[in-house]
Amino acid sequence: MRLAMAQMAMTDNIDENADRALAYYDQAGEAGADLLFFPEIQFSPFFPPV
């Protein structure tokens, strides 16, 4: 099994984040990955309260 990991910097635009995630998905598939991991909370930025 071949694994891939995507490291993404989130923006405030959920559609842009989704498009970027799909591009990583395509790229991982072309590289032969069987499973792609994304960061937790990948579609919107998460800023913990201080």
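Because the structure is predicted, anything quoted here is derived from the model rather than measured.
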message: According to salt bridge (Lys or Arg N to Asp or Glu O under 4.0 Å), does anything in residues 21-35 pair up with another residue at least two apart or in another chain? List the pairs.
response: none
- request: Name all residues meeting the side-chain contact (heavy atoms from CB on, under 4.5 Å) criterion together with Phe38; count only those two or more places apart in sequence or in a different chain, and write none if there are none.
  value: Ala6, Met8, Ala21, Tyr24, Leu36, Gln42
Short side-chain to backbone donor-acceptor contact, Asn17 and Asp12, under 3.5 Å: no
task: Go through the structure and list residues passing side chain to side chain donor-acceptor pair (under 3.5 Å) with Gln27, not counting sequence neighbours.
output: none
